[in-house]
Amino acid sequence: MNSRRSFLRLGAVGGAAAALVTPAAAAPVEPSLPPPRRDAPVVVSTWNHGLAANAAAWEALAAGGYALDAVERGVRVTEADPEVTSVGLGGWPDRDGHVTLDACVMTEAGDCGAVAFLQNVLHPVTVARMVMERTPHVMIVGEGAQQFAIEHGVPTQSLLTPAAERAWREWVASDAADTRAEINVENHDTIGMLALDADGRLCGACTTSGAAWKRHGRVGDSPLIGAGLYVDGEVGGATATGWGEAVVRACGCHLVVELMRQGHDPQEACRRAVERVIAKNPDYREIQVGFLALDVRGRAGSYCIQPGFDYALHDADGARLIDAPSRL
Ligand code: SD4
């Protein structure tokens, strides 16, 4: 079952965005409001294991790096962690025993790349970035994605750890294998990460091994631009975790960003998106869906439905920043 999780925030460096300076000799300008205060750089991710990932992302941001490099570097930490059973190496396999991975990235400029149903590659997020940067496409899946990765020098390896294989064999031997293979709401711990860099560029990444024991070939929301991740460089970004089918049906992260565009702060945008999911899912009490959002001013918010859990944003020291009640 899901471990207790929190949405995490690390290291916002306060400070105003660079002020516009009017040269002394210039013609008088229209009076204007000061630029919105921007808390940047900042990085947020979707769960406790994200701490190490956030720290890696923060290194890139603190050095003045690009938000895309930060989120890629960040989630690679989680992808490589064999203890994490829902992302990359050590991810629990599908019902046939194959670890299949989904990931995507999106930039402030609206560029994006994704892979889905990818096997035997440790860092799907990097392959997703390669799709974005080295092809005219947005998404490549399955064997084609693996072939693409190999052609671009990415090594292959088995991602099924002994522990994950053991868990899968236990599941196969259990009654659950008969009854729950189609809709499995367990083991939802995708990592989604959003970062705003010192230059005000906001990028996101999302990576997962998907729902454990899923049907072979099933793809969830995580690699789908607009569902598991969406970024608009003028507004903000959002990422999702939880039962992917419900997120896809709501076009969840695009919805969150559009709600921010309409003037809602990230927290309220996430709340409204969760309400939409609830409205469309009569069985919402049985599912888990969470959204995390960051706007271009550096404000973060999150909201989720997950039976029995309260969510909150925490800073690096664990101090609670934003309450995000989960039970509705
Ligand atoms: C999926 N959303 O494949 C993913 C799973 C997930 O936390 O979120 N895990 O549906």
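Sequential numbering from 1 along the given sequence is applied to the chain's residues.
Atom OG1 of Thr241 is separated from atom CZ of Phe291 by 10.0 Å, given to the nearest 0.5 angstrom. Taking OG from Ser158 and CG from Asn120, the interatomic distance works out to 6.5 Å, rounded to the nearest 0.5 Å. Here the straight-line distance linking atom OG1 of Thr190 with atom CG of Leu229 works out to 11.5 Å at 0.5 Å rounding. Here the straight-line distance linking atom CD of Gln146 with atom CG of Leu118 works out to 6.5 Å at 0.5 Å rounding. The structure places OG1 of Thr100 at 5.5 Å from CG of Asp94, a figure rounded to the nearest 0.5 Å. Rounding to the nearest 0.5 angstrom, the gap separating the CD atom in Glu79 from the OG1 atom in Thr208 is 10.0 Å.
When every heavy atom of Thr239 is checked against every heavy atom of Ala205, the shortest pair comes out as OG1-O, 4.4 Å. Among all heavy-atom pairs drawn from Gly298 and Val42, the shortest one is CA-CG1, 4.1 Å. Here the closest heavy-atom approach between residue Ser222 and residue Cys104 is recorded as O-SG, 3.2 Å. For Met260 against Ala269, the heavy-atom pair with the smallest separation is CG-CB, 3.6 Å. Taking all atoms of both residues into account, the shortest heavy-atom contact from Gly220 to Pro223 is O-CD, 3.5 Å. Across Gly252 and Ala273, no two heavy atoms sit closer than the pair O-CB, 4.5 Å.
Hydrophobic clustering, with ILVMFWY side chains joined whenever heavy atoms are under 4.5 angstrom apart, groups Leu292 together with Val257.
Between Asp295 and Arg297 there is no salt bridge, since none of the side-chain N atoms of the basic residue sits less than 4.0 Å from a carboxylate O of the acidic one. Electrostatic pairing of Lys214 and Glu245 does not count as a salt bridge here, judged by no charged N lying under 4.0 Å from a carboxylate O. We find that Arg73 and Asp69 are not joined by a salt bridge, their nearest charged nitrogen and carboxylate oxygen being 4.0 Å or further apart. Ion pairing of Arg166 with Glu170 is absent here, as no side-chain N (NZ or NE/NH1/NH2) approaches a carboxylate O to less than 4.0 Å.
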Assess the residue pair Leu294 and Leu202 against the criterion (side chain to side chain contact (heavy atoms under 4.5 Å, CB included)); give the C-alpha distance rounded to whole Å, side-chain angles, the decisive distance to 0.1 Å, and a yes or no.
CA-CA 8 Å; Leu294 179 68; Leu202 198 154; 4.1 Å; yes
Does the pair Met193 and Val43 meet the rule for a side chain to side chain contact (heavy atoms under 4.5 Å, CB included), with working shown?
CA-CA 7 Å; Met193 180 177 281; Val43 57; 3.6 Å; yes
Let's go through Trp168 and Trp92 carefully: what are the C-alpha distance in whole Å and the side-chain angles of both, what is the deciding distance for side chain to side chain contact (heavy atoms under 4.5 Å, CB included) to 0.1 Å, and is it a yes or a no?
CA-CA 7 Å; Trp168 171 66; Trp92 282 355; over 6 Å; no
Step-by-step side chain to side chain contact (heavy atoms under 4.5 Å, CB included) determination, Thr126 to Val154:
CA-CA 9 Å; Thr126 296; Val154 175; 5.7 Å; no
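Listed by first and then second residue, the ring pair (Phe, Tyr, Trp, His ring centres under 6.0 Å) pairs involving residues 107-131 are Phe117-His216 (not counting sequence neighbours). Residue pairs meeting the salt bridge (Lys or Arg N to Asp or Glu O under 4.0 Å) criterion with at least one member in residues 232-244, sequence neighbours excluded, are Asp232-Arg261. Evaluation of the salt bridge (Lys or Arg N to Asp or Glu O under 4.0 Å) test over residues 130-146, restricted to residues two or more places apart or in two chains, returns Arg129-Glu133.
No donor-acceptor pair under 3.5 Å is formed between the side chain of Asp96 and the backbone N or O of His98.
With sequence neighbours excluded, no residue forms a ring-ring contact (aromatic ring centres under 6.0 Å, His included) with His137. With sequence neighbours left out, the ring-ring contact (aromatic ring centres under 6.0 Å, His included) criterion links Phe148 to His152. Among residues two or more places apart in sequence or in another chain, the salt bridge (charged side-chain N to carboxylate O under 4.0 Å, His left out) test is passed with Arg272 by Glu268. Taking the salt bridge (charged side-chain N to carboxylate O under 4.0 Å, His left out) definition, one finds that Glu108 meets it with nothing, sequence neighbours left out. Residues satisfying the side-chain contact (heavy atoms from CB on, under 4.5 Å) test with Ala246, not counting sequence neighbours, are Trp243, Val277, Asn281, Ile287, Val289. Qualifying salt bridge (charged side-chain N to carboxylate O under 4.0 Å, His left out) partners for Glu165, counting only residues two or more places apart in sequence or in other chains: Arg169. Taking the ring-ring contact (aromatic ring centres under 6.0 Å, His included) definition, one finds that His254 meets it with Tyr230, sequence neighbours left out.
Other members of the hydrophobic cluster containing Leu101, listed by chain and number, are Leu89, Val99, Leu122, Leu159, Leu160; membership follows side-chain contacts under 4.5 Å among ILVMFWY residues, whether direct or relayed. Leu259 belongs to a hydrophobic cluster whose remaining members, ordered by chain and number, are Leu255; membership requires side-chain heavy atoms of ILVMFWY residues under 4.5 Å apart, directly or through intermediates.
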